Novice: 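Questions regarding the structure given below will be posed in turn.
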Amino acid sequence: MLLLISSSIAQSTKAQEGQSDEDASLIAARQATVFLMQTYEQSGAQVISCVGSGTLISSTGLILTNAHLVEALGPCRGERIIVQLPVRLDEPPIPTYIASVIQSDIRLDLAVLQISGGLDGSLVEAQTLDLPYVTLGDSSQLGPGKMIHYIGYPDIGTTSVTATERLISGMTVEKSGGRMAWLRTHPAIEGSMGGGGAFDAKGRLVGIITGASPTDGKLPGSYCMSIQDNNRDGLITERDACVPVGGPITAVRPASFALPLIEAAGNNFRIDRASGFQDTAPTAAPVLYRLLFSQGISDAGLPSRLVTSLPSGTTNLFLFFDYDNMRPGTPYEMRVTSNGIEIPEFGLGPLAWGGDRRGTWYIGTEEALWPDGSYDFTLLLSGQAVATASISIGGAANEPAFSNLTLGIPNGLGGFLTSGMLFPAETKQIDAQFSFSNMSDDKDWTEIWYLDGQEVSRTVRLWDKGSSGQASVSAVNYEGLPMGTYRLELLSGQQLMATGDIILAGTSNAQSESAVFSNPRIANDITRDNEPSGVIGSAMPLGTSTLYAFTDWDLMPNGTHWTYRWFLDGRLVAGSSQNWNNGGVGQNFWVSLFSDQPLPEGSYDVEFLVENRPMFSHNVTIGSGTRPVSGEIQESEAVEISGTVIDALTGQGISGALIAVLDVKLESPDFVYDEKQIYSQAISDQEGHFVLSRALPRGQYYTVFVFADGYITIKEDNFVIRRAQTSPVDIIIEMGRP
Amino acid sequence: MAYMSTHTYARCTVCGQTLSRTLEFKNRYYCDVHYGLFYQNTRPLWRASILTFGFLVAALLGFAIGNQLAPERFRDTVQSGTGIFIAILPALIWIISLYRIGAQTQFQLSPLPITIFVLGALLSAAVTRPFLYNIVNLDIWIGSTTASNRLMGNILLNGFTHTFTLYAIIRYIAWDSPAFMRRTDGVMFALAASWGYASLINILYVIDLGEITLLNGSLRLITQLCIFLTTGLILGYFIGRNRFEDAPVYHLSVGLIMAATVNGFMLYASSALNSTSLSLTQSGFSPWPGLALSMGGLALTFSTVRGLMQRQNALTQAKLEQIA
Amino acid sequence: MSQDLWGTDSDLPEIGSGLTKNDRFSAILVALLTVAALGLGLITKQRSSTDTWPYESREAGISINYPTGWLTDERGDYVVRMRDPKARPFKTQYIITIVPMGGQTSTRNVLDGLTLQRSADLSAYRVLNVQEMTVSGVKSTKMSFAFVDADPNPFIQRLPVAVMGIDFLILDENRAIIVTFMSDKQMFEENLPTFERFMSSLRY
């Protein structure tokens, strides 16, 4: 009997079964997953306009999510963002905070929010928040065959946070992010998990689940749900506004894309720039046109080998298309069907448009085997098909083809002085070299040049260069080619064989490269006339809260895609890309990096690029230029402890119990009831739940006190956190009555 | 006054009958009938008690095994009705088996133990509980004070109040009854009072809590029961001895102090012992150490009191036979 | 002898009544002993509720006795905060703050400063009344207030607690000593005497 009782003692006091590392890590990830709602006020009532998921990435309330869920895009008004926390993992989330967008990149569809207040309007000090959060994993290690875990809210927040695992089936290449733009998984998951996190087995955030409503969210339907009687007619009908929910999601944006945003958010960085001419919102309907298939992408982001059919064994295939009048947030989708059957892994979306108003876009796959067959590509905007193209795979491999079209300034020796996409304005000659194969002589071929969309030259010749080899064409103006955007099209018969875009902007430097920007300066203040002031130079004093980078510019056509980036100690921390809208020539254009507190000590670089070609980079240091190293214990070395204090006799939670963990060096006789001696503490809530204020470093013995009126004080000198202990851990404390 | 101090007026200490001849033992006088009884054993008492303890042990084994097999079920709470049933069941088993064994062994038992049992229950509800919890506010103080104060409070306030109440029931109700005819009847009445007293304390405890966990709650009830039975055994021994001996004036007081101290100490220690190790996997509480203490105390006290009583009775019998 | 003589005549011989002198004194002794034990218990209880530990701050030049077993904290913007670790749901606490007083600073200015700060920090903070009074022979100002204590941690489902408090502001040359008492409203009256003892032990 004694044996039985003693074994039963061990059994009865066992508060928690052991958990695998993976389970514990995913529990932590679920705890850090929030539900987001955008609301606006209508006749005094709060109306929900958009919903989605997000992930807490810092204890101070930074949330990573999709930009289209939190910005004023499409049906989302961007007025008020409500954060709902999974207070209990098995229950729906609870609206708790208001958040604001502090970093956003619509092109990547990523945004970082900061919890800024309580629901009651009270202000929240970020530093006083102590929220569960996840760390970022290395998304570059992911690839086909790896397992990831999706965590989010599948049902407009009416169910608890859900984890679903999927195998990565491949990658999708897209102009929004290049070769690693999207991780793809199948089968699809629920739309409203969009914005949530994709995690590796250790619970590290490796991607952001991304998907938009396939429709524009204006008409109720399966992707836009009417959930409120916001017209107050007593009924919830199609006359009420609906809340868009994403379509089936198969795409994950790798977390590495979010690093600059997170870095900027963590440092409270904001960016700004001199305002140019206002670009009015497009009024015409968006169009997608000039759909072309290519087997490759040039460094300039253009098709490198146009094709109309492909042989068996094709692994690389990209659809290029031009777009105009596009608005941010517009739902777009590429659907690929073969014999009427959709093949989701070759398609993409629906996603929220993050590109600019007009330009060339591409979507495709690399290293994914396309089975033989005929494929139809359909592009959809707001759920409506707007353009289609077809290609067959498995035919003969000996079709005529032009490839590797390269544009540049000739060096007179058959090569280029400089090549790419950007050349100085007033350049006298631009050559286009290309390879050809399977051609036949005596057929018509055409060379067409466009300037800013207008055809300026068309030459039709008979092909006389043989079956395969290299050839070139030129655009020549001995008075200098005017600045602007040029496009070259080469046709064989009526078939477009190759195309390339170039921009002529800026003056020529010594290497015959384009120099748009000149005279870079950095200052920490600015005059009303946009002149640099304050400290001007490459060393700024401590306490500087704004850095202005000034530059002059010359021959910069409006509409040219340009980028500026700020780096801190070599890490990209902020940046923006847009179309130039400041006119051709000017002085003292500025961009700024600022914070509501002094910028951290360090070495800063600002970089300007035009069409992805670096124009200049300028360095400035703040203070000594060395960032102080934090002496804090790495959170990852500590175990977060939460739990429940219950009455041993009734099993009911004890509210108001104080759980105090003493400093590691102290044992109970050393405790003189001085709060300085307490390392971590918590007071239990109505249900007896508590979360210790600080995580406990591993590999240590602690002394724990639990105080509650009406119960025997618990005093434990051997509360051990072993080195192998997973985090977080949930414990049960039973208190006995005297 | 007209009456003379003479043996002519002596009465039997048990039945009060006027004695024509004096049969005296340790300054107590007996009629012919009771002279041969007071050192006899109340046989059903020991057998019923052992049977009930056996039931408690079996029940605890059941709890231990059940907790091994279905720990979740045993951590669940049960409603107060079930709690009350658990609280009253051992007492019913004791009372019923006492009378059944009495009947089976043709041992004449008066209804007084039942009266005492009920009185014990009534007094615990009507007197000690209001005094301790409403006037002294002992529960609030004990729940918020230091361990040493808790020990002192348990002995001085809990222990003495409970023990004096049990003492008073026997001393002022059973003492003068002709049904109190054997030394061991003192133990029987003290146990009956304790059963009633402890059972009602447990019932009110369950009602106060509303619901209890099957394992921890039930074991706490059994722990309390054992503590009060131990108190009753000690008190019963002293009262039983004193009833049939003109013992020194401090004799009962020693018994009271012993019983109250044991009561208070066990109440304190059983709770304190239940606070066990707290770790990531252990909850800091186990009902078993306190239970082991109270059951061990009860078993030890029971065997000691029974042994002492039987030895005393044997000595008395030998002495009386020698005189005869 | 008839039955009614039995026990009615106080001169009846002891052996006849069945009770010896020992029995009678024994009963009295038991009763006395019980009363003595209960009395001792009550004294222990009373003493324990007034047990104190000393606190001294040389920097602030104050000393005071606070209830045994309470936690002290000197890390805030106060001299010391003492709180009862066991109190539920709100931890009863005493806070001693020292505010410098300039030549033109009035008691009212100090109290207004407190009110403004607390209004920003505490939910539903209300001043109930302000009155001049004398504590332990020292003229002081007493301000009663109430607020709602709510846990900022969203994962903690603690019901907001109505808290009542008192500030005693004592002018001491060029400084004001503010002794604050805060308690769950339901336990306020019960906790007040302990605070009054605490106040009366203040030396500065």
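Letters A, B, ... mirror the listed sequences (proteins, then strands); counts begin at 1. Note that the coordinates shown come from a computational prediction; the quantities given were computed from them, not determined experimentally.
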Novice: Please say whether more than 12 non-hydrogen atoms of neighbouring residues, nucleotides or ligands are located less than 6.0 Å from OH in Y78(C).
Specialist: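 Enclosed: over 12 neighbouring heavy atoms sit under 6.0 Å from OH of Y78(C).
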Novice: With a 6.0 Å cut-off (strictly less than), is the heavy-atom count around CD of E125(A), excluding the residue itself, greater than 12?
Specialist: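 Open.
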Novice: Taking the side chain as everything from C-beta on, heavy atoms only, tell me whether T72(C) gets closer than 4.5 Å to E675(A).
Specialist: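 They are not in side-chain contact.
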Novice: Hey, is CD on E91(A) packed in by over 12 heavy atoms from elsewhere, all under 6.0 Å?
Specialist: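 Count over threshold, so yes.
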Novice: Is any side-chain heavy atom of L71(C) closer than 4.5 Å to one of L658(A)?
Specialist: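 A side-chain contact exists here, since the closest heavy-atom pair is under 4.5 Å.
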Novice: Sort T96(A) into side chain, backbone, both or neither according to what part of it lies under 4.5 angstrom from a heavy atom of chain C.
Specialist: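 Contact with chain C is through the side chain of T96(A) alone.
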Novice: Tell me the closest heavy-atom pair linking R88(C) and A708(A), and the distance in Å.
Specialist: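 In terms of heavy atoms, the two residues are closest at CD-CB, 3.8 Å.
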Novice: What part of F705(A) lies closer than 4.5 angstrom to a heavy atom of chain C: side chain, backbone, both or neither?
Specialist: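 Contact with chain C: none, neither part.
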Novice: Does K86(C) reach the main-chain N or O of A657(A) with its side chain, forming a donor-acceptor pair under 3.5 Å?
Specialist: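 It does not hold such a pair.
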Novice: Counting only heavy atoms not in E59(C), do more than 12 sit closer than 6.0 Å to its CD atom?
Specialist: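 No, because the 6.0 Å sphere around CD of E59(C) holds 12 heavy atoms or fewer from other groups.
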Novice: If you count heavy-atom pairs under 4.5 Å between each of V706(A), V691(A), D685(A) and chain C, which one has the most?
Specialist: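 Heavy-atom pairs under 4.5 Å are most numerous for D685(A).
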Novice: Quick check for you: among P132(A), G653(A), A682(A), G688(A), which has the greatest number of heavy-atom pairs under 4.5 Å with chain C?
Specialist: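 Counting heavy-atom pairs under 4.5 Å, the top option is P132(A).
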Novice: Tell me, side chain or backbone of S684(A) under 4.5 Å from chain C's heavy atoms, or both, or neither?
Specialist: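 Contact with chain C involves the backbone of S684(A) alone.
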Novice: Are more than 12 heavy atoms from other residues, nucleotides or ligands located less than 6.0 Å from atom CZ of R58(C)?
Specialist: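 At most 12 heavy atoms, drawn from other residues, nucleotides or ligands, come within 6.0 Å of this atom.
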Novice: Can you name the closest pair of heavy atoms from W53(C) and Y673(A) and give their distance?
Specialist: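 Distance-wise, the nearest heavy atoms are CH2-CD1, 3.7 Å.
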Novice: Which region of Q677(A), side chain (C-beta onward) or backbone (N, CA, C, O), has a non-hydrogen atom less than 4.5 Å from a non-hydrogen atom of chain C, or is it both or neither?
Specialist: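 For Q677(A), neither part sits under 4.5 Å from chain C.
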Novice: Sort I94(A) into side chain, backbone, both or neither according to what part of it lies under 4.5 angstrom from a heavy atom of chain C.
Specialist: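 Just the side chain, heavy atoms under 4.5 Å.
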Novice: What residue in R81(C), R83(C), E74(C) has the most heavy-atom pairs under 4.5 Å with chain A?
Specialist: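 Counting heavy-atom pairs under 4.5 Å, the top option is R83(C).
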Novice: Could you give the distance from CG (D674(A)) to CE (M82(C)), rounded to the nearest 0.5 Å?
Specialist: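 Rounded to the nearest 0.5 Å, the CG-CE separation comes out at 10.5 Å.
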